[in-house]
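Below: one structure, written as structure tokens.
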Amino acid sequence: MDILKSINIVIFWYISPGFRELFKTPSPFGIKVNKQPSISNNTIENPEKWVDLYGDYLYKYAFYRVYEAPVAEDLVQETFLAALHSIKDFQHRSSIKTWLTSILKHKIIDHFRKKSKEQQIDDIELHTNKLDDLFDRNGQWKIKPAQWNADPQKLYGQKEFMEILHKCLSELPGRQASAFILREIAGESTKEICKILDISTSNSWVLLHRARMFLRRCLEIKWFTHEDDRE
Amino acid sequence: MFNCKKVTYLVSESLDRKLPLYQRMGMRIHLMMCKFCSRYKEQLFFLRKTARLLSESGEDSAPSIQLSSEAGKRIKESMARFLQKHQ
């Protein structure tokens with residue numbers, strides 16, 4: 001009986017991926033028994049290197065969505081820890097960077113979800129005064145939109161413009177910022193945004209409208225010179 | 001007939017959903033006649049395109065934004081603790 005038991009153990013061990021990894025033998029059945037991350041891949045084997053390799057990229061990614069350095073740092077840390085936790089699930093169909101970014105994306109959405117719950121004051125109704133100044137009592141433009149004549153492709157990446165763009169984004173109040181970032185930068189649908197922020201559909205339209213109105217005004221003041229329109 | 005304030009709202013909403021026919025028509029007629037609201041519409045398109053660019057390339061924009069060395073160190077330590085615990 002004992003002999004049978006030992007033979008069993010040996011066979012089991014022989015076909016196990018751990019053994020093959022140790023002695024570099026091919027799968028005895030010619031098929032992959034267990035799809036493990038390839039150990040030959042340097043970076044997946046050395047998570048210590050992740051911070052140096054992907055830390056800045058992920059941090060920037062997070063920062064330009066949350067606009068608070070400590071929050072962005074925490075999100076990056078959570079991302080790396082979550083990645084370590086699920087390292088076995090890593091599929092080599094994507095790069096490590098893509099994989100880490102997709103984890104970070106989920107962390108960012110969670111962050112918006114939590115933040116929205118914490119926001120006691122309903123900023124859907126607040127922060128309207130400044131924008132209402134743009135129109136007169138009859139709802140006609142009082143401060144008229146200027147002609148921008150700008151190509152996003154050309155402006156994008158220009159240091160001064162990017163600084164102003166980020167400044168304007170960081171000045172967006174509470175849920176307006178969340179809604180805009182989720183919609184236009186993260187590319188979520190309004191349906192998804194309503195779920196994340198726990199708001200009604202019409203509230204999501206109001207938030208997005210206010211955010212866009214604020215941003216275009218902010219860019220116009222800070223970047224585009226206001227041309228006089230007296231026609 | 002919609003006024004400019006209403007039309008700016010509709011222009012924004014049309015970026016998020018298909019407007020009901022009468023609103024869509026009202027908005028279009030207003031836009032044909034009002035150059036300021038047309039500019040407004042163009043500006044929202046500009047915002048959308050710029051935001052798309054922002055989402056596509058986090059890397060090349062603003063090289064000054066990077067993980068501070070203290071934060072990097074802290075993260076590395078927390079990862080090391082995690083690995084110790086789970087090995």
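In what follows, chains are A, B, ... by sequence order, proteins preceding strands, each numbered from 1. The figures here come from the full heavy-atom set of this structure, side chains too, leaving out hydrogens, waters and symmetry mates. Just so it is clear, the structure is predicted and the values come from calculations on it, not from any experiment.
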With sequence neighbours excluded, tell me which residues meet salt bridge (charged side-chain N to carboxylate O under 4.0 Å, His left out) with A/Glu68.
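Applying salt bridge (charged side-chain N to carboxylate O under 4.0 Å, His left out) to A/Glu68 gives none.
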
Do [X] and [Y] touch side chain to side chain, with heavy atoms closer than 4.5 Å?
X	Y	answer
B/Arg74	A/Glu73	yes
A/Trp50	B/Ile75	no
A/Phe135	B/Cys4	yes
B/Leu15	A/Leu208	no

Identify the two heavy atoms, one from B/Tyr9 and one from A/Val206, that lie closest to each other, and give their separation to 0.1 Å.
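Closest approach of B/Tyr9 to A/Val206: OH-CG2, 3.7 Å.
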
Nearest heavy-atom pair of B/Leu47 and A/Arg216: which atoms, and what distance?
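Nearest pair, atom of B/Leu47 first, then A/Arg216: CD1-N, 4.0 Å.
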
Inter-residue atom distance B/Cys34.SG - A/Lys144.NZ, 0.5 Å rounding
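It is 9.5 Å, given to the nearest 0.5 Å.
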
Can you confirm if the aromatic rings of A/Trp141 and B/Tyr40 lie within a centre distance of less than 6.0 Å?
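Aromatic pair counts; centres sit under 6.0 Å.
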
Region of [X] that comes under 4.5 Å of a non-hydrogen atom in chain B:
X	result
A/Leu58	neither
A/Gln153	both
A/Thr79	neither
A/Ile193	neither
A/Ala83	neither
A/Ile181	neither

Between A/Val51 and B/Leu67, is the side-chain contact (heavy atoms from CB on, under 4.5 Å) condition met? List the steps.
CA-CA 9 Å; A/Val51 178; B/Leu67 198 62; 4.2 Å; yes

Max heavy-atom pair count under 4.5 Å with chain B, selected residue of [options]:
options	result
A/Phe180, A/Tyr59, A/Phe80, A/Trp205	A/Trp205
A/Leu155, A/Thr201, A/Asp52, A/Val76	A/Asp52
A/Asp74, A/Leu219, A/Leu84, A/Leu81	A/Leu84

Please rank B/Arg17, B/Glu42, B/Lys49 by heavy-atom pairs under 4.5 Å with chain A and give me the top one.
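Among the listed options, the one with the most contacts to chain A is B/Arg17.
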
A/Met162 vs B/Leu54, test: side-chain contact (heavy atoms from CB on, under 4.5 Å). Steps then yes/no.
CA-CA 10 Å; A/Met162 296 310 283; B/Leu54 208 59; 3.7 Å; yes

Cationic N near anionic O, under 4.0 Å, B/Asp16 to A/Arg212
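Answer for the salt bridge query: yes.
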
Taking [Y]'s backbone N and O only, do any of them form a donor-acceptor pair with [X]'s side chain (distance below 3.5 Å, no angle check)?
X	Y	result
B/Asn3	A/Asn138	yes
B/Arg52	A/Ile185	no
B/Arg39	A/Pro145	yes

Considering only residues two or more places apart or on different chains, which pairs with a residue in residues 192-204 of chain A satisfy salt bridge (charged side-chain N to carboxylate O under 4.0 Å, His left out)?
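For residues 192-204 of chain A: A/Glu192-A/Lys195.
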
For a side-chain contact (heavy atoms from CB on, under 4.5 Å) check, start with the C-alpha distance between A/Phe161 and B/Thr50, then their side-chain angles and the critical distance, and finish with the verdict.
CA-CA 11 Å; A/Phe161 175 75; B/Thr50 309; 4.1 Å; yes

Taking the inter-plane angle between the rings of A/Trp148 and B/Phe46 on a 0 to 90° scale, is it parallel (under 30°), tilted (30 to 60°) or perpendicular (over 60°)?
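Taking B/Phe46 first and then A/Trp148, their aromatic rings stand perpendicular (interplane angle over 60°).
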
Could you check whether atom NZ of A/Lys167 has more than 12 heavy atoms from other residues, nucleotides or ligands sitting under 6.0 Å from it?
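Open.
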
Side-chain donor-acceptor pair present, A/Glu220, B/Gln43, cut-off under 3.5 Å:
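There is such a pair between these side chains.
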
Do any of residues 76-83 of chain B come closer than 4.5 Å to chain A, heavy atom to heavy atom, and if so which ones, in number order?
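Checking residues 76-83 of chain B against chain A gives B/Lys76, B/Ser78, B/Met79, B/Phe82, B/Leu83.
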
Check disulfide (SG to SG under 2.5 Å) between A/Cys194 and all other residues, then give those that pass, not counting sequence neighbours.
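None.
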
